[in-house]
Amino acid sequence: MIVDNVILFEPYPFSVGQKIRITSGPRRGDWEVIGLSERKVALRCPVSGREFEWDRFCYLTGGKTSEEWPRRD
């Protein structure tokens with residue numbers, strides 16, 4: 001078994017009505033969560049009113065941990 005530092009990502013558990021701020025990247029800005037499905041999140045810009053539906057994102061949820069890499073399950 002090889003043990004190495006691994007950075008953990010998980011889908012964020014959005015809920016309708018949340019007000020979020022994406023701080024970098026092409027989607028940066030303030031958004032309101034207006035809809036959810038198993039695979040998609042719908043967001044509305046509070047300034048322009050434009051609405052978008054994107055695949056759910058993953059976010060950094062923890063620092064580096066010592067875990068088996070690659071994981072075999």
Side-chain angles (χ1 to χ4, degrees):
M1 175 172 72
I2 299 171
V3 174
D4 208 341
N5 289 326
V6 178
I7 298 173
L8 305 176
F9 290 83
E10 292 181 18
Y12 184 79
F14 291 107
S15 60
V16 172
Q18 280 182 313
K19 292 167 177 51
I20 65 171
R21 177 170 294 138
I22 300 172
T23 58
S24 64
R27 297 176 184 160
R28 74 176 168 264
D30 290 341
W31 300 94
E32 181 179 2
V33 179
I34 59 170
L36 298 167
S37 72
E38 187 70 26
R39 301 196 58 163
K40 301 281 186 177
V41 58
L43 302 176
R44 177 177 37 233
C45 173
V47 176
S48 70
R50 292 182 65 191
E51 297 178 2
F52 298 89
E53 185 176 80
W54 290 309
D55 290 338
R56 287 184 176 234
F57 332 149
C58 290
Y59 290 88
L60 177 67
T61 60
K64 295 179 182 177
T65 65
S66 293
E67 293 194 12
E68 182 180 352
W69 179 256
R71 205 167 179 175
R72 306 255 185 240
D73 53 21

With a 4.5 Å heavy-atom cut-off, do [X] and [Y] have their side chains touching?
X: Thr23; Y: Arg28; value: no
X: Ile20; Y: Tyr12; value: no
X: Cys45; Y: Trp31; value: yes
X: Asp30; Y: Val47; value: no

Nearest heavy-atom neighbours spanning [X] and [Y]:
X: Asp55; Y: Arg27; answer: O-NH1, 4.4 Å
X: Val41; Y: Phe57; answer: CG1-CE2, 4.0 Å
X: Arg56; Y: Lys40; answer: NE-O, 3.7 Å

Arg50 side chain to Leu43 backbone, donor-acceptor under 3.5 Å: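 No; judged by distance alone, with no hydrogens or angles, the pair does not exist.
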
Linked, directly or transitively: Phe52 and Ile34 (ILVMFWY side chains, under 4.5 Å):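 No, because Phe52 and Ile34 fall into different hydrophobic clusters, even though each may have its own neighbours under 4.5 Å.
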
